[in-house]
Amino acid sequence: MLFALVDCNNFYCSCEKVFYPALEGKPVVVLSNNDGCIIARSEEAKQAGIKMGVPVFEIEELIDRHNVHVFSTNYALYGDFSQRVMSTLAELVPDMEIYSIDEAFLDVSFKKPEELEAFGRTIRETVMKHTGIPVSIGIAATKTLAKTANHLAKSNDQYQGVLYLKDDKNSEEMLSETAVKEVWGVGEKYEAFFKKAGILSALDLKQADPNRIREHLGIVGQRLVLELNGTVCYPLNDNPDVKKEICTSRSFGHPIETYEELEQATTTYAGKVATKLRREKSLANSMLVFVMTNKYARGPQYVNYKIVKFPGPTNQTAALIHYAVIALKALYKKGFKYKKSGIIVSDVIPQSGQQTGLWDETQKPKNTRLTEVIDRINEQEGIDTVKFAIQGTDESWKMRQHNLSPHYTTRWEDLLIVDLDKLGKK
DNA sequence: TCTGGGGTCCTAGGACCC
DNA sequence: TCTGGGGTCCTAGGACCC
């Protein structure tokens, strides 16, 4: 088995650049929801010393000094680019697993070893040609090794974006250059443990005794060692299961104090969760509702959650709103400045094979047909064209997005217009 | 003034059963 | 000094990922 990990470089920033070529060579960053933190950086922004995850207000000076272009997160744009990249990849290999919005594992076992490097370059060029997105590729015998190869391919110019770990000697060389923290699956806690045990490089970890690692870190740690040694513990999953949990939560644009506003926001999230459930063709059996104040602010703090079990599985907006309100009424306490709330549904099961309507009034055909009509209208006319009254129309709590780019590929009004006269003069 | 959001897997411990 | 043994299911929390 041979895996190729294809990873888009600075994905969100690269998406912003595609329709804004003047940004080429300039520092660019993309912010989290509510324009809070840095979640993506172009190479130039990294060189300017901007770190991942820092709150933007802490580095305003840096942004000014380097004239950094700042974008609010434009998920519609990135999601659409992701689909374009993934469908391009799907045409090049017999089998693949979409691992995240900007990464995929490809099965490249069908290629001869001597063809692999060239094939990697073909993949890069094709994705660039079809989508304008640059990618890096790591090829190796396990996912963990492919990840490591990818990391080197990206960070080391000499590989020009493609690195294939042909044999053990080759991969040991690479692993000795890689800090253990960079290994896929090693987080803060594991790194601290490894440091104490004298395991500093990825090679140290490869050569560690898997049984000893297992004693301390369990099977997850043992698999790390095995995968680095070329034993596949994580096979290609080309048929991902339906989601087991679905969540919608947001920080508010401003602190909320009244119950009514909190209810508008939270029932809006309940509606989003219901839509996601229906898109997955799934039903949920229970819901967790949480509210919290701003942990960074001074003043009284309150964090709480409530779990509601449904009488029968459902994906109906009206039902989810109903139960969210019950939970919220129990949770709400006067006198706090709420910063964030959210809905998580769990115990999610596929809709197919379910005899809907047997247990629960809400899943009866009469109700689901109404929902289908609403879904269709909202799909054609835009999100929340039709919504429930309790979700409100005020929306002053909505997140801030001061630097949002156009929805170039998903909204007619935002289509780019090309001026042929101007082009002709060039 | 301002600090993201959405997931998965594994484990330990409690409840319960015979 | 002694206090059974073996199993399943569920859940909360930890760790990690992008």
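These numbers come from the heavy atoms of this one structure, side chains and all, not from hydrogens, waters or symmetry mates. Quick note on labels: first sequence line is chain A, next is B, and so on, each numbered from 1. No experiment lies behind these values; they were computed from the predicted model shown.
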Selected nucleotide, minimal atom distance to [X] side chain, candidates [options]:
{"X": "K147(A)", "options": "dG13(C), dT11(C), dC18(C)", "answer": "dC18(C)"}
{"X": "E103(A)", "options": "dC18(C), dG4(B), dG7(B)", "answer": "dC18(C)"}
{"X": "R223(A)", "options": "dC9(B), dA15(C), dG4(B)", "answer": "dC9(B)"}
{"X": "R400(A)", "options": "dG5(B), dC10(B), dC2(B)", "answer": "dC2(B)"}
{"X": "F57(A)", "options": "dT8(B), dC2(B), dC17(C)", "answer": "dC2(B)"}
{"X": "K189(A)", "options": "dG13(C), dC16(C), dC18(C)", "answer": "dC16(C)"}

Salt bridge or not for [X] and [Y], using N-O below 4.0 Å?
{"X": "E395(A)", "Y": "K387(A)", "result": "yes"}
{"X": "K129(A)", "Y": "E125(A)", "result": "no"}
{"X": "E191(A)", "Y": "K181(A)", "result": "no"}
{"X": "K206(A)", "Y": "D168(A)", "result": "yes"}

Exercise. So what does I246(A) touch, heavy atoms closer than 4.0 Å: a base, only the sugar-phosphate, or nothing?
Worked result: sugar-phosphate

Exercise. Contact class for K51(A) vs. all strands (heavy atom < 4.0 Å): base, sugar-phosphate, or nothing?
Worked result: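 Contact class for K51(A): none.
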
Whole angstroms only, please: what is the [atom1]-[atom2] distance between [X] and [N]?
{"X": "I98(A)", "N": "dC17(C)", "atom1": "CD1", "atom2": "P", "result": "21 Å"}
{"X": "D102(A)", "N": "dC17(C)", "atom1": "CG", "atom2": "P", "result": "15 Å"}
{"X": "Y75(A)", "N": "dC18(C)", "atom1": "OH", "atom2": "C1'", "result": "10 Å"}
{"X": "E245(A)", "N": "dC10(C)", "atom1": "CD", "atom2": "P", "result": "16 Å"}
{"X": "I39(A)", "N": "dT3(B)", "atom1": "CD1", "atom2": "P", "result": "14 Å"}
{"X": "Y99(A)", "N": "dG7(B)", "atom1": "OH", "atom2": "C1'", "result": "10 Å"}
{"X": "Y190(A)", "N": "dC9(B)", "atom1": "OH", "atom2": "C1'", "result": "10 Å"}
{"X": "E58(A)", "N": "dT1(B)", "atom1": "CD", "atom2": "P", "result": "14 Å"}

For this session: For dG6(B), take OP1 and OP2 only and decide whether either is under 4.0 Å from a side-chain N or O of S249(A).
Result: yes

For this session: Compute the centroid of each ring, for F310(A) and then for Y323(A), and state whether the two points are separated by less than 6.0 Å.
Result: yes

Problem set entry | Closest-nucleotide ordering on DNA chain B, the 5'-leading residue of N33(A) and K244(A) |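 Closest to the 5' end, via its nearest nucleotide, is N33(A).
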
Exercise. Taking for each residue the nucleotide of DNA chain B bearing the nearest heavy atom, is the 5' side occupied by K339(A) or by K276(A)?
Worked result: K339(A)

Problem set entry | K143(A) charged N/C atom sitting above F105(A) aromatic ring, 6.0 Å / 45° | yes

Exercise. How are the rings of Y78(A) and Y12(A) set relative to one another: parallel (under 30°), tilted (30 to 60°) or perpendicular (over 60°)?
Worked result: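 Rings of Y78(A) and Y12(A): parallel, as their planes differ by under 30°.
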
Exercise. Dot-bracket, DNA chain B: Watson-Crick or G-U, under 3.5 angstrom, [ ] crossing, | other strand?
Worked result: ....||||||||||||||

